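Worksheet: the structure to be examined is printed underneath.
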Amino acid sequence: MGVSGSKARGLWPFASAAGGGGPEAAVAEQALVRPRGRVVPPFVFTRRGSMFYDEDGDLAHEFYEETIVTKNGQKRAKLRRVHKNLIPQGIVKLDPPRIHVDFPVILYEV
């Protein structure tokens, strides 16, 4: 009891290698990192960018174009969102690196 299914099967990247019950297993369960096969670093160095490039090479989250609408003989300008011909930003390097969301560490300020 007290262990979720993914941790019990060892699929969680920071799962402990200890498999028995007792005081040694309790200490090993509280350890920061106990990798099984491959070493998983606690930091994230890159992320996928959330912005887009347009045809002019401008970088933004959203792009709008101004359109002229004629209604009852009056010209009015409206903004219409552009969805076509946008290129994703790609992979962005993080400076400084961030701590991985699944890394089991409690951060506090003294």
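Everything quoted here is computed from the prediction, not taken from an experiment.
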Any idea which heavy atoms bring [X] and [Y] closest together, and the distance?
X	Y	result
Thr46	Lys93	CG2-CA, 4.3 Å
Phe43	Pro97	CB-CB, 4.2 Å
Arg80	Thr67	CB-CG2, 4.4 Å
Thr70	Lys75	OG1-CG, 4.0 Å
Arg48	Ile91	CA-CD1, 4.4 Å
Phe63	Phe52	CE1-O, 3.4 Å

Mind checking whether [X] and [Y] sit in one hydrophobic cluster, side chains of I, L, V, M, F, W, Y counted as touching below 4.5 Å?
X	Y	answer
Met51	Val92	no
Leu59	Ile87	yes
Ile99	Leu94	no

Exercise. Tyr53 and Asp58: side chain to side chain contact (heavy atoms under 4.5 Å, CB included), yes or no, with the steps?
Worked result: CA-CA 5 Å; Tyr53 290 103; Asp58 296 329; over 6 Å; no
For this session: Compute whether any side-chain donor of one residue and acceptor of the other, for Tyr64 and Glu66, lie under 3.5 angstrom apart.
Result: no
Problem set entry | Pairwise distance OG(Ser50) to NE2(His61) - rounded to 0.5 angstrom | 4.0 Å
Problem set entry | Spacing of CG belonging to Asp54 relative to CD belonging to Glu62, to within rounding of 0.5 Å | 13.5 Å
Exercise. Got a sec: does the CG of Asp56 have more than 12 other heavy atoms crowding it under 6.0 Å?
Worked result: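 Count over threshold, so yes.
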Exercise. With no hydrogens and no angle check, is any side-chain donor or acceptor of Arg47 less than 3.5 Å from a backbone partner on Phe45?
Worked result: no
